[in-house]
Each structure stands twice: as structure tokens, then as C-alpha cells.
Chemist: 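Please find one structure pasted underneath; my questions will follow.
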Amino acid sequence: MKIYNTLSKRKEEFIPLEEGKVKMYVCGPTVYNLIHIGNARPMIVFDTVRRYMEHKGYEVNFVSNFTDVDDKIIKKAIEEGVEASVVSERYIAECKKDMKAMNVKEATTHPKATEEICGMLDMIGTLIEKGHAYAAEDGTVYFRTRSFQGYGKLSHKNLDDLQGGNRSLLVTGEDQKEDPLDFVLWKPKKEGEPYWESSWCDGRPGWHIECSVMSKKYLGEEIDIHAGGEDLIFPHHENEIAQSEAANGKPFAKYWMHNAFLNIDNRKMSKSEGNFFTVRDISEKYDLQVLRFFMLSAHYRSPLNFSAELMEAAQNGYERIVTSVGNLGYLLENTATVTLKEEESGLLEQAKGFITSFEEAMDDDFNSADAIAAIFDLVKFANVHANAGSSKEFLKGLKDEILLLSDICGLIVERKQEMLDRDIEALIGERQAARKAKDFKRADEIRNELLEKGIILEDTREGVKWKRA
RNA sequence: GGCGCAGUAGCCAAGUGGUAAGGCAAUGGUCUGCAACACCAGUAUCCACCGGUUCAAAUCCGGUCUGCGCCUCCA
């Protein structure tokens, strides 16, 4: 299995620190609002990475945080006149709902920044002891960036370029830094803000220290994979490396993975441009499985454009898989043949090739677009070879294979068949009688009536089938 | 100014040296009372443009044009 590592800028063979186990940390959202579809990309992408690794037999310890103390959360809390924790708890709950609908698995641990303050104070203390950090007069603690030799190794920047391009933005406190590149580890509270006591001042942590600490606590000082959106490469992940490696004295993460951005109509998504969508917005119009399918149809390191037209196309593509599984399920229930026929066992053997193609694609830096192409090839194969005369074993073999590959992608492709109401069943029966008597007027009336109730009928070679709209 | 990414059919998108996957849409056909589903068929002599390397390039090198991202909170 090869993974593109931002650190080396190339694909590398994945070798876990500990055989059979993967320690993985994904930077999670700041919970000040409903998550947007840009937040959804890393969630879906890295959930798929995790699922694939589990499929390959790895035991994955997957940690993803919630940043629940931050300027934006505090601002919102003040606007609403409530505690910051009320805002953050609310949006953590909402975020979890969205994740569930996208079929993103729960992390092994979902730490919250506010519950890890002790660890942060410890690490900041260590950094000061080792000379990598210093407290200014007002109690703000800064990381001494130039004291860490490897600074810039992830984003491939050198310190002098950074300074050269540095705009003269002397924000409050900027003048008390030893160097403009130094960044905040701990900052003093302002009136009305949540704070914690420390030996430097009553205050709260800087953003970067959170992840260094949570990663260390739940995964250890050295981890396999650290992931997030590409915008986090600098400064967030660069700073995490500096903090963790300076404090622990060992390499932080072995592989750094970053997903590219999701754009809206070829523009970066932003509230000011009015092209901002929350996952909740999308869920009103589409099954979020469609969003997931859409995200996986491109490579995670390529920018992906979002538009209504593209979502329609994704929906149709996704439906093709769902329909095929539905057909196989229907045939399975209705076939009389049980045991595998000879030619079927050959076909089933042939169908295993699609699993191989799928795995080859995923092994190559999680090429989900190619992997999905393998699923489509399998769907085509099933559509061509499965029919009313097929054996149960054969049909089940094909269906299970589609289900297996879809599940690795986190795609739910099997519709739950709820029991039909007695009335609806009666109507379908009546329509069949009408069709037999060539009373198509009545037959269409019934079909339209059912359509209004959200039941779509399809007359296939195998019989009448229905699905919910 | 510094660093980096991308440009493949109407749309989306794989493919990083051996002669263009897959999906959506559209077209013709089979099936069907009709519709939907499904299947079959053809569908880029060519991968932004120019030059170079090579027996061989969408794939490597140089240049040009275009779009985009990061360098500041941001997935």
C-alpha cells in the first residue's frame, strides 16, 4: 500500500510503526456552526482510508478532535448570551448527526480541547524548560520558532522566505514576540471569555497545541498518519510538528496526508461570496450517500468542484449501483434454484477479479475514482449475468461482492425494504389484473396514485418491483 | 514577491514512457402496452499550445498561455 506523504512529496510504501496496527489522527472541525461541505471532504476521505485499512486487516486507532474553544465559538456564545460550552456542545451533537448520515464511522476517540487542558499545560511547561518557548510579560506564551531546526519541513518553506513575505500586520501582542515567526501556545483571557488557571496567566490555549497534546495522549508520541485539509499544512501542522518534536524529542507523524479543497462553481467556498453550503443544506435535497459518492469519485488530492449539475450526475451514478443490488436482492428472493451451476462458479471466480482491481486502485494512494470504476465494472458484470434462472448461491455471491466493495467506500447501497401496507399491496395486485385485462388506463391511474404516495413501480422482466422515491 | 497544483470527449474523471478506464448526459437498437430499469452499438487518431529527448510521450525536459491554491482564521 502506497501513501502520498506531504513531508517527502512522494508516494511511499506504508509501513506501520507496529505491525498490524495503525495510529491515525485527523484534525477535526471547530464547532461554532453546522459543518459545511468542505468539512465533509476530509471526514469522508479519511473515513474511507480507515475503512480500507481495516479491510486490509489493520487494527486502526482513529482519533479525531473537536476544537471547542476558539474565538469564533466565543463570539457566537456572546451573541447568544450563553456559555461557550452551550454553543460547542450543540454543534458537536449536530456534527455527529451529519457524520452518521454520511456514514462516517465514530472515531475510536473524539477528544475535546477543553478536556485536555492539563496535558497542554504540561507540554507548554516542557517546551519552556527546554528553551523552545517563553512567556511574555502579559503571560502570553510563545513558541520560539527558530529554536526548532526542522521548521518548514512539511510545508517546504524556509524561514527567510516567510519573513520576506511577511506583511506588516502588527496585531496586538506582536511587538512582544522575540521574532515575528513565533506563535502562541497560551494566551491571556479577555473579559467574559472562558479561561483556565496557569502559572503564566489565566487564559486559554493556542490552536496548534491542542492537536499535539491530544495526539500524544491517545496515540503516543509517534504516530503513523496525521491528516487534514491541505490548508492546515501551514501553519497548523508545521507548528504541531515543531511543538511535538521539540517537546518529545522524537519524530511526530510518519505520514502526512492532506486532502485538496472543495470548490463551489470553481471558486473557493466562502460566506462572503454567498456560495456556502452546510452538509445540512445538502441533506435536504439529497441522500448524503450521494455526497459521499460524489466526493469519492475524484482523487482526494485533486481539487473538486461542487455544483448542482455534478450532484445530479453523482446521484444517477450512485443509483445505478443501488438498482443493481436491488435487482439481485429481488432475484435472490424469487429464484427456485439453490445450488451453484457449473458455469456460475466460473463466473464467480471471474468476478473476484474486480476485487483485485479495486484493491490495486486503493493500494495506490487511495485512488477511489479507480476503485469506484471497479465497482461499476462489477455492477455491469452482475447485470449481464444474473437472471431469473440464476442460482441463489450465485446471486448472493455477486450481491455480497458489491456490498463488500461499497462498504469499504462507506457507501450504503442496499435499500431497506419496508413491508408494504396492505392497501398498497392490494393496489399493485389490482393494477396487475388491469394490465392483464389490457385496461391500461386503470393501470396507469393506480401507478400514479402510488407515485403520489412516494412509491415508484417498475415492470421488469422479473416482475413488478417498487421503491420509495 | 516566495512556494505549489491543475489544464484528458458535451460534463465529471482515472491513466506518469508502449499506443486513451469508468460514470453522467446525448444518439441508434433490443426488451416493454407505455414509462422506468437493464442490455447491445457506435461515440477523443487524440490528451491547452510550441519545441525537444526517445524505437515509442497524455505521460520525461524546456518554454508559452489559462485557471486555481497556500504564504493570514479557514477542511
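These numbers were taken from a predicted model, which means no experiment stands behind them. The chains referred to below are lettered A, B, ... by the order of the sequence lines, with proteins before strands, and numbering in each begins at 1.
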Chemist: Quantified in whole Å, what is the C1' atom distance between nucleotide B:rG15 and nucleotide B:rA20?
Modeler: 8 Å
Chemist: So if I take every side-chain heavy atom of A:D459 and compare against B:rA14, B:rA35, B:rC71, which nucleotide ends up nearest?
Modeler: B:rA35
Chemist: Is the base of B:rG22 stacked against the aromatic ring of A:F376, taking ring centres under 5.5 Å apart and planes under 30° as the test?
Modeler: no
Chemist: Look at A:N367 and B:rG15 and indicate whether a side-chain polar atom (N or O) is within less than 4.0 Å of OP1 or OP2.
Modeler: yes
Chemist: When rounded to the nearest Å, what value does the distance between C1' atoms of B:rA56 and B:rG18 take?
Modeler: 6 Å
Chemist: Would you mind reporting whether A:L395 and A:T335 have side-chain heavy atoms less than 4.5 Å apart?
Modeler: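 The answer is yes, as the side chains (C-beta and beyond) meet within the 4.5 Å cut-off.
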Chemist: Over how many whole Å does the gap from A:M43 atom CE to B:rA75 atom C1' extend?
Modeler: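 Distance, rounded to whole Å: 8 Å.
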Chemist: What's the gap between B:rG23 and B:rC37 when it is taken at their P atoms, as a whole Å value?
Modeler: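 About 15 Å, rounded to a whole number of Å.
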Chemist: Give me the distance, rounded to whole Å, that separates B:rA21 from B:rG62 when you measure between the P atoms they each carry.
Modeler: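 Looking at atom P only, B:rA21 and B:rG62 are 29 Å apart.
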Chemist: Report which part of the nucleic acid A:A373 touches: base, sugar-phosphate, or nothing (heavy-atom distance under 4.0 Å, all strands).
Modeler: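 Contact class for A:A373: base.
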Chemist: Is there a side-chain contact between A:Q176 and A:D138 in this structure, where contact means two heavy atoms from C-beta onward sitting under 4.5 Å apart?
Modeler: yes
Chemist: With both distances under 3.5 angstrom, what nucleotide forms a Watson-Crick or G-U wobble pair with B:rA57?
Modeler: none
Chemist: Please find out if less than 6.0 Å separates the ring center of A:H36 from that of A:F277.
Modeler: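 Not close enough - the centres of the two rings lie 6.0 Å or further apart.
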Chemist: Hey, does the side chain of A:R447 come within less than 4.0 Å of B:rG33's phosphate (OP1/OP2), counting only N and O?
Modeler: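 Indeed not, no polar side-chain atom of A:R447 lies that close.
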Chemist: Touch check for A:K380, heavy atoms < 4.0 angstrom, all strands: base, sugar-phosphate only, or nothing?
Modeler: sugar-phosphate
Chemist: Taking only the C1' atom of each, what is the distance from B:rU8 to B:rU16 in whole angstrom?
Modeler: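 13 Å, rounded to whole Å.
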Chemist: Which nucleotide, B:rA14, B:rC74, B:rG23, lies nearest any side-chain atom of A:W207?
Modeler: B:rC74
Chemist: Taking the nucleotide of RNA chain B with the nearest heavy atom to each, does A:K9 or A:F261 sit closer to the 5' end?
Modeler: A:K9
Chemist: Strictly by Watson-Crick or wobble contacts shorter than 3.5 Å, is anything paired with B:rU72, and which nucleotide is it?
Modeler: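 Base partner found: none.
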Chemist: Please give the distance between the P atoms of B:rG7 and B:rA75 as a whole number of Å.
Modeler: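 Approximately 27 Å lies between the P atom of B:rG7 and that of B:rA75.
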Chemist: Check whether the ring centres of A:H237 and A:H258 lie less than 6.0 Å apart, and answer yes or no.
Modeler: yes
Chemist: Choose from B:rG4, B:rC37, B:rA75 the nucleotide whose nearest atom is closest to any side-chain atom of A:M269.
Modeler: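 Looking only at side-chain atoms, A:M269 lies closest to B:rA75.
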Chemist: Using whole Å, report how far CZ of A:F293 lies from C1' of B:rC12.
Modeler: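 Interatomic distance, CZ of A:F293 to C1' of B:rC12: 10 Å.
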Chemist: For B:rC34 and A:R435 - does any side-chain N or O of the residue sit under 4.0 Å from the phosphate oxygens OP1/OP2?
Modeler: no
Chemist: Is the Lys NZ or Arg CZ of A:R320 less than 6.0 Å from the centre of A:F376's six-membered ring, within 45° of the axis?
Modeler: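 No.
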Chemist: When rounded to the nearest Å, what value does the distance between C1' atoms of B:rU66 and B:rA48 take?
Modeler: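 Going atom to atom, C1' in each nucleotide, I get 8 Å.
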Chemist: Under 4.0 Å from OP1 or OP2 of B:rA25: is there any side-chain N or O of A:N316 that close?
Modeler: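 So the side chain of A:N316 is within the cut-off, an N or O lying under 4.0 Å from OP1 or OP2 of B:rA25.
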Chemist: Which residue lies toward the 5' end of RNA chain B, A:A374 or A:P29, if each is placed at its nearest nucleotide?
Modeler: A:A374
Chemist: With both distances under 3.5 Å as the test, what is the Watson-Crick or G-U wobble partner of B:rU19?
Modeler: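 Per the H-bond distance test, none.
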Chemist: For the ring pair A:F306 and A:F294, is the centre-to-centre distance below 6.0 Å?
Modeler: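 So the answer is yes for these two rings.
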Chemist: Hey, is the main chain of A:K105 close enough, under 3.5 Å, to the side chain of A:D47 for a donor-acceptor pair?
Modeler: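 Side chain of A:D47 to backbone of A:K105, a donor-acceptor pair under 3.5 Å: yes, one is there.
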Chemist: Tell me which nucleotide, if any, is Watson-Crick or G-U wobble paired with B:rA35 when both distances must be under 3.5 Å.
Modeler: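 Pair assignment: B:rA35 / none.
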Chemist: Whole-Å distance between B:rG33 C1' and A:R442 CZ?
Modeler: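 So the two atoms are 17 Å apart, to the nearest Å.
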Chemist: Using only heavy-atom distances, decide whether a donor-acceptor pair under 3.5 angstrom links the side-chain of A:N263 to the base of B:rG67.
Modeler: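 A donor-acceptor contact between them is absent.
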Chemist: Would you mind telling me which of B:rC68, B:rC73, B:rC71 lies closest to the side-chain atoms of A:F234?
Modeler: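 Out of B:rC68, B:rC73, B:rC71, the nucleotide with an atom closest to A:F234's side chain is B:rC71.
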Chemist: Of the nucleotides B:rG2, B:rC11, B:rA14, which has the atom closest to the A:L310 side chain?
Modeler: B:rC11
Chemist: What's the closest nucleotide to the side chain of A:D370 if the choices are B:rC71, B:rG15, B:rC34?
Modeler: B:rG15
Chemist: Which listed nucleotide (B:rA75, B:rG15, B:rA35) is nearest to the side chain of A:H36?
Modeler: B:rA75
Chemist: Going by purine N1 to pyrimidine N3 plus the second Watson-Crick contact, or the G-U wobble pair, all under 3.5 Å, which nucleotide sits opposite B:rC24?
Modeler: B:rG10
Chemist: Picking from B:rG33, B:rC39, B:rA14, which would you name as closest to the side chain of A:D444?
Modeler: B:rG33
Chemist: Using whole Å, report how far CG of A:D231 lies from P of B:rG4.
Modeler: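 Roughly 19 Å, once rounded to whole Å.
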Chemist: So, is the end of the A:K76 side chain (NZ or CZ) under 6.0 Å from the ring centre of A:Y32 and within 45° of the ring's axis?
Modeler: no
Chemist: I need the NZ-P distance between A:K2 and B:rG15, as an integer number of Å.
Modeler: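 Rounded to the whole Å, the gap is 14 Å.
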Chemist: Looking at B:rC46, which nucleotide sits across from it as a Watson-Crick or G-U wobble partner, both distances under 3.5 angstrom, or is there none?
Modeler: none
Chemist: Verify the contact: side-chain N or O of A:K438 to OP1 or OP2 of B:rU32, cut-off strictly under 4.0 Å; return yes or no.
Modeler: no
Chemist: Please find out if less than 6.0 Å separates the ring center of A:F381 from that of A:F354.
Modeler: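 Close enough - the centres of the two rings lie under 6.0 Å apart.
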Chemist: Searching all strands shown, indicate the nucleotide that pairs with B:rG67 (Watson-Crick or G-U wobble; both distances under 3.5 Å).
Modeler: B:rC5
Chemist: Let's see if you can work this out: which of B:rG2, B:rC39, B:rG33 has an atom nearest to the side-chain heavy atoms of A:K157?
Modeler: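 Within the option list, the nearest is B:rG2.
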Chemist: May I ask you to verify if any side-chain N or O of A:S302 is less than 4.0 angstrom from the OP1 or OP2 atom of B:rA14?
Modeler: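 It does, given that an N or O in the side chain of A:S302 lies less than 4.0 Å from OP1 or OP2 of B:rA14.
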Chemist: Whole angstroms only, please: what is the NZ-P distance between A:K11 and B:rG15?
Modeler: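 Roughly 6 Å, once rounded to whole Å.
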Chemist: For A:R301 and B:rA13, give me the distance from atom CZ to atom P, rounded to whole Å.
Modeler: 15 Å
Chemist: What integer distance in Å separates A:E312:CD from B:rC12:P?
Modeler: 16 Å
Chemist: Given the C1' atoms of B:rC60 and B:rU53, what is the spacing between them in whole Å?
Modeler: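 Per the computed distance, 8 Å lies between those C1' atoms.
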Chemist: It should be established whether A:R267 places a side-chain nitrogen or oxygen under 4.0 Å from OP1 or OP2 of nucleotide B:rC68.
Modeler: yes
Chemist: From the list B:rA21, B:rG33, B:rC39, which nucleotide is the closest neighbour of the side chain of A:N383?
Modeler: B:rC39
Chemist: Could a donor-acceptor pair under 3.5 angstrom be found where the side chain of A:K268 meets the base of B:rC70?
Modeler: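 When only heavy-atom distances are counted, A:K268 does not reach the base of B:rC70 through any donor-acceptor pair under 3.5 Å.
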